[in-house]
2 protein chains.
Amino acid sequence: MGKAAKSNPDRSVEQSEPTQRSAAATRTRILESAEAEFAVHGFDGVSVRQIALRAEVPVALINYHFGSKDGLYRAIFVARAPMIVDERIAGLRLAYMETDPDRMLELVIKAVLVPNLHMRSVEKNSNYARILAREVADPKAMERGIIQEFFDPVAHKVIEALKKALPDRRIEELHWGYQMMLGAMVYVMADIGRIRRLSDGRCDPDNDIEATRHLVTMLHAALKYGRVPAAD
Amino acid sequence: MGKAAKSNPDRSVEQSEPTQRSAAATRTRILESAEAEFAVHGFDGVSVRQIALRAEVPVALINYHFGSKDGLYRAIFVARAPMIVDERIAGLRLAYMETDPDRMLELVIKAVLVPNLHMRSVEKNSNYARILAREVADPKAMERGIIQEFFDPVAHKVIEALKKALPDRRIEELHWGYQMMLGAMVYVMADIGRIRRLSDGRCDPDNDIEATRHLVTMLHAALKYGRVPAAD
DNA sequence: GTCTATAGCTGGATAGAC
DNA sequence: GTCTATCCAGCTATAGAC
């Protein structure tokens, strides 16, 4: 007691309950720390110890709340995926209200790009954006089936919308078009400096307005004018 | 000697030189196994033990020949990067010979895409193509500086060529265009099944002719018609 | 150059007190 | 629900015989 008695009153109160926290708050702390660590280092590049350290919780709590490292990773998507999926579906709904096919096409592209590129630019959500980008591009990550489970359904809806906006295209062209859109988007989302470095600072992925403006315009032109006839 | 004397003659001959191999052959075996393992599991997802097991060499030889796991990874790029870089520079040379800016633009895009997409489709090289795709897209991998060291120089040459083919564009547009190209290409290179799954088998990244045809056509249209005026 | 054996850590997960 | 202590499997890297 000697030491505590010598501290000022404020300090002793702080120390009497060093980690008093609700269970829900603990789960949230762990999830946020996990997002931050996975975003920078990837699934295999992070230990649960690092995550626990950042969250200032004992390691055992991670397994208590999430079962395993895999369970924790998956919990991030369970918590976050609906946000993106719902925004995209809402964007598609707006696209379907357009009567001009050309305007519809632009809105379909925006429905795909805007939720992700905007999310990336918001500090609070940028970590999840990076994890998602990694999960989409990483062959190993695909084995976990997260993308398939959470995002394949809305991907099919996007293809459907493209078909309506570009009724005279072969289905192959629409699929390749979708892959091109997604690749361009994911590459920008995943970036941690190369785009800025190569462009000498002229392109900034964190500026979602400019990134979206350029990508949407170019992808719109790609789909509108890039006709690829059947091979034979 | 007692045990060997009891075996049949064939067996004793086999065991007398169980792994006779030249040093160069050993290095090659290790590099090939490393490519295969890194391609599927990523740098952190593979142990040098797995690589040694696949190559059928003792673990110690990996550190003897390549110094460390990092050294082995880097050695893959030292051996392979020139192939892609040289092909791309050769493609740019062809592009510069075109007098029609429109034809030149198409050849610049092909100079970027064809070496990689073709490599991916060749069984012997497809593993390296996947590693490269991962290295380009993975934030963690970027810390190793391999992309910067091996590929930034040729990236600048591509931007230069784009500037010549599209002389009336702002430099920002060219850079965003390059990022779009690269993202689309890398996404196709990295894929291990999603594209085929989503398209119900209609799009096949292993068919480099078709993949190139679609992507080049669309990206050409994107750059040619996707004009993005300055923001203010 | 090759190989065995092992040093020296760090990883995910858990048992059991509170 | 929380936390400490710990298990033990796996890792990279190397020492030292051949």
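Source: prediction; values computed, not measured. A note on names: the letters A, B, ... follow the listed sequences, proteins ahead of strands, and every chain is numbered from 1.
Remark: B:Val59 engages B:Arg49, B:Ala52 in a side-chain contact (heavy atoms from CB on, under 4.5 Å) (not counting sequence neighbours). Every residue two or more places apart in sequence or in another chain that forms a side-chain contact (heavy atoms from CB on, under 4.5 Å) with B:Ile209 is listed here: B:Asn207. With sequence neighbours excluded, no residue satisfies ring-ring contact (aromatic ring centres under 6.0 Å, His included) with B:Phe150. Among residues two or more places apart in sequence or in another chain, the ring-ring contact (aromatic ring centres under 6.0 Å, His included) test is passed with B:Phe151 by none.
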Polar pairs (N or O, both sides) under 3.5 Å between protein and nucleotides 4-11 of chain D?
| residue | atom | partner | partner atom | Å |
| --- | --- | --- | --- | --- |
| D:dC11 | OP1 | B:Ser47 | OG | 3.0 |

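As a whole-Å value, the separation of B:Phe66 CZ from C:dG1 C1' is 14 Å. Between the CZ atom of A:Arg27 and the C1' atom of D:dT2 there is a distance of 15 Å, given to the nearest Å. Note: OH (B:Tyr64) to P (C:dT4) measures 17 Å, nearest angstrom. Here D:dC18 presents its P atom at 18 Å from CG of B:Leu61, a figure rounded to the nearest Å. For the pair A:Ile62 CD1 and D:dG1 C1', the interatomic distance rounds to 15 Å; values are reported in whole Å. Look at CZ on A:Arg21: it is 15 Å from P on D:dG1, rounded to the nearest Å. Atom-to-atom, CD of B:Glu56 to P of C:dC3 comes out at 11 Å; the value is rounded to the nearest Å. Separating the CG atom of B:Asp44 from the P atom of C:dG11 is a distance of 11 Å, rounded to the nearest angstrom.
Counted within 6.0 Å of NE2 on B:His118, heavy atoms from surrounding residues, nucleotides or ligands total 12 or fewer; the atom is thus considered open.
A cation-pi arrangement is found for B:Arg144 relative to B:Phe43, the charged atom lying closer than 6.0 Å to the ring centre and inside a 45° cone about the ring normal.
Residue pairs meeting the side-chain hydrogen bond (donor to acceptor under 3.5 Å, both in side chains) criterion with at least one partner in residues 146-156 of chain A, sequence neighbours excluded, are A:Arg74-A:Glu149, A:Asp152-B:Arg194, A:Asp152-B:Arg197.
Taking 4.0 angstrom as the limit, B:Thr26 places none of its side-chain polar atoms (N or O) nearer than this to OP1 or OP2 of C:dG1. For the pair A:Ser68 and C:dG12, the criterion of a side-chain N or O lying under 4.0 Å from OP1 or OP2 is not met. One finds no side-chain N or O of A:Asn63 lying less than 4.0 angstrom from the OP1 or OP2 phosphate oxygen of C:dT14.
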